[in-house]
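Report on the following structure.
Model, not experiment: these values are computed from the prediction. Start at 1 with the first residue, then count along the sequence.
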Amino acid sequence: MTTICIVIQSPEFVSSAGMRIRYLRLASATPPDTTITYAPVAELLNAKAFDADIYIFSKSFTPEAIILACRLKHLGKKVGQDLFDDYFSQMDDARLSRFQYWMREMEPITDFVLGTTERLTSVMARYMPHAPITIVPDPIEEFDRTALEQRVSGKIRTAVEARRLSIYWFGIGDNPFFSVGVRDLVAYGGELARFKALGWDATLTVLTNTRALSAEGLALLRTLPIDFRIMEWTEAREDESLKAADVAFIPVGGQDFSRAKSLNRCLTALLRGCQVLSRGYPLYRSVGEFVYRSADDLVADLERGEAKLEGAKLPRLYELLDAHASLAEAAATLTSAATSSPRRGTAKTCTDRAGPSFCVVYGRRTDPSIHKLVGRFGGLSVRSPFHDKTLNCHLRFDCIDGELRCRIEKSRMKFLNPDIAAAAIDVGRILDFDFYELPLSRITGWNAPFPLVVGSDRFGWLASYPSVMQAIRSICHCLFPSAVVIASEQHELALAALHRDARPPVAATAGSGVA
């Protein structure tokens, strides 16, 4: 029996659409010899044992998650990523740098990657060039075919007789980084005015989260050229409302975030018997024969007593569902990708010569809880000269007279190459530990950055921050060749500096593939 654990960001994520649409459905259809479970990062950080064979991280973009992944790799577990939102291709938006930085840090720890769409997996191939990448689409839920046929026929008949359409827009109405949701609805809302111009009565219902109904959101909605009402979204209300609606209006903006989304919203509407009207980017082109691109085309069909979604055409819809959103196929694909992917690296035996399994370099700001976690999981805490806390780190880099100095705690000397250790100089006690200084000239690969500014000046340190942090990581790799070296940074200016100076994501190589 193989156990796959989905690592989620918090207990609250269990009630999210992503959990409901993706993982709970997939868990219900896995092969008999596979079990899918889930656990929040915080729960796993405090776990005394890790019983799953494979751990897949989902939207857990925190330093703690990276350290947890390091621990799992050291224990011989497989580590994967599952991604269904594109926070990674917009390199000109510094607000997204923390997601992109997190993904770069996870690259050496990741054995395989899953993504919902071809577009998203192509983006991830640039961040994860050495890990196999597999498309696992959002699957559809189980549904009653007989009930769907009856519902579709009844809706078309009633709409034609009354020349009246009940139109619904549903979904999360806001996003902290992208102009989506309500903004897309309003941007393409002019299409809704066409129904009245064509002699049809139409009303709109907006079914969304209350957070989106801010003063700004409500002001935007008031500009819609059609009568509307607002209802708070719940899973049950979405199901009931779409079963009663005639049309689901699902406009799609053209930004990268929107282009990487899955078919789920469109398929959800179709399986409730709604005609789908979608303007903007053709996200749903793979099921395009069931999607209207204009109100004029929809009305023209209805006036002929027909529609793209009608009883006679449902067998074709079922074919497309099997091809693009089969629950059984998605579950089998996920299981195969997770179990068959090769493990990058192997568990290391904890001996005196093995050294740390991972090193964490503390940037300008790192929460002390990270330091405690690194120690508990057997990692090596590395202080950079930018760090703003007084912590007992076993490896430290200090700025003295404008030069970078490398000091290592006495008990960790046993892990070093003998040639490097032989050249070390005793520098006495720093805080609670005895330290030796290592001559940087003896460490292969060291390339001293210049200038080195790390003082309290509010902005001066930013100039040397990226190059010094990269140099420290290189030195750590030289000192501990078998260790994974990651950085912990929570300072917004520092992240912005890393984002600004970072190389573009590496292009996919022959070692990466998108299935």
Practice problem: Looking only at non-hydrogen atoms, find the nearest pair between Leu75 and Phe50 and report the distance. | Solution: CD1-CD1, 3.4 Å
Self-check item: Electrostatic pair Asp82-Arg22, nearest N-O below 4.0 angstrom
Solution: yes
Self-check item: Lys/Arg cation over aromatic Tyr292: Lys308, 6.0 Å, 45° cone
Solution: yes
Quiz item: If you measure only the distance, is there a donor-acceptor pair under 3.5 Å linking the side chains of Ser294 and Asp296?
Solution: no
Self-check item: Least distance between heavy atoms, Arg25 atom then Leu327 atom
Solution: O-CD1, 3.2 Å
Practice problem: Measure the spacing between CD1 of Ile226 and NZ of Lys196 and express it to the nearest 0.5 Å. | Solution: 9.5 Å
Practice problem: State plainly whether the residues Asp184 and Arg279 are in salt-bridge range, i.e. N to O under 4.0 Å. | Solution: no
Quiz prompt | salt_bridge(Arg473, Glu105) N-O dist < 4.0 Å | solution = yes
Exercise. Decide if the gap between the ring center of Phe99 and the ring center of Phe177 is smaller than 6.0 angstrom.
Key: yes
Self-check item: Gap separating the NZ atom of Lys261 from the CG atom of Leu283, nearest 0.5 angstrom
Solution: 9.5 Å
Quiz prompt | Phe57 and its side-chain contact (heavy atoms from CB on, under 4.5 Å) partner, picked from Leu68, Leu83, Ile66, Ile6 | solution = Leu68
Quiz item: If you count the non-hydrogen atoms of other residues, nucleotides and ligands that lie under 6.0 Å from CG in Asp227, is the total more than 12?
Solution: no
Quiz prompt | Electrostatic pair Asp239:Arg272 at N-O distance under 4.0 angstrom | solution = yes
Quiz item: Does the pair Tyr281 and Ser258 meet the rule for a side-chain hydrogen bond (donor to acceptor under 3.5 Å, both in side chains), with working shown?
Solution: CA-CA 8 Å; Tyr281 180 74; Ser258 301; over 6 Å; no
Quiz item: If you measure from CD1 on Ile135 to CZ on Arg119, what distance do you get to the nearest 0.5 Å?
Solution: 13.0 Å
Quiz prompt | Option from Tyr101, Phe257, Trp102 for which ring-ring contact (aromatic ring centres under 6.0 Å, His included) with Tyr87 holds | solution = Phe257
Exercise. Flag the pair Ile109 / Cys70 as yes when at least one side-chain heavy-atom distance between them is below 4.5 Å, and no otherwise.
Key: yes
Exercise. Quick one: pull up CD1 in Ile167 and SG in Cys274 and give me the separation to the nearest 0.5 Å.
Key: 10.5 Å
Exercise. Measure across Val160 and Leu302 and return the closest heavy-atom pair with its distance rounded to 0.1 Å.
Key: CG2-O, 3.3 Å
Quiz item: For the side chain of Glu43 and the backbone of Pro40, is there at least one donor-acceptor N/O pair under 3.5 Å apart?
Solution: no
Quiz item: So, are Glu216 and Arg183 salt-bridged, with charged N and O less than 4.0 Å apart?
Solution: yes
Exercise. Determine whether more than 12 heavy atoms belonging to other residues, nucleotides or ligands lie under 6.0 Å from atom OH of Tyr38.
Key: no
Exercise. Could you tell me whether Arg211 and Asp174 have a side-chain N and a carboxylate O separated by less than 4.0 Å?
Key: yes
Quiz prompt | Nearest-0.5 Å distance that lies between atom CG in Leu267 and atom CG in Leu263 | solution = 5.0 Å
Quiz item: Above 12 or not: heavy atoms from other molecules or residues under 6.0 Å from CD of Glu329?
Solution: no
Quiz item: Can you find a pair of side-chain heavy atoms, one from Thr268 and one from Glu238, that are under 4.5 Å apart?
Solution: yes
Quiz item: Relative to Tyr318, does Arg145 satisfy both conditions: NZ or CZ under 6.0 angstrom from the six-membered ring centre, and within 45 degrees of the ring's axis?
Solution: yes
Self-check item: Student check: side-chain heavy atoms of Arg126 and Phe88 closer than 4.5 Å
Solution: no
Quiz item: Between the side chains of Gln81 and Tyr127, does any donor sit under 3.5 Å from an acceptor?
Solution: no
Quiz item: Under 4.0 Å between a Lys/Arg side-chain N and an Asp/Glu carboxylate O for Glu240 and Lys243?
Solution: no
Self-check item: Closest non-hydrogen atom pair between Ala69 and Val79, with its separation
Solution: O-CG2, 4.0 Å
Quiz item: Can you find a heavy atom in the side chain of Thr203 that is under 4.5 Å from one in the side chain of Arg164?
Solution: yes
Quiz prompt | Nearest-0.5 Å distance that lies between atom CD1 in Ile54 and atom CZ in Arg343 | solution = 8.0 Å
Quiz item: Any side-chain heavy-atom pair from Ile67 and Ile486 closer than 4.5 angstrom?
Solution: yes
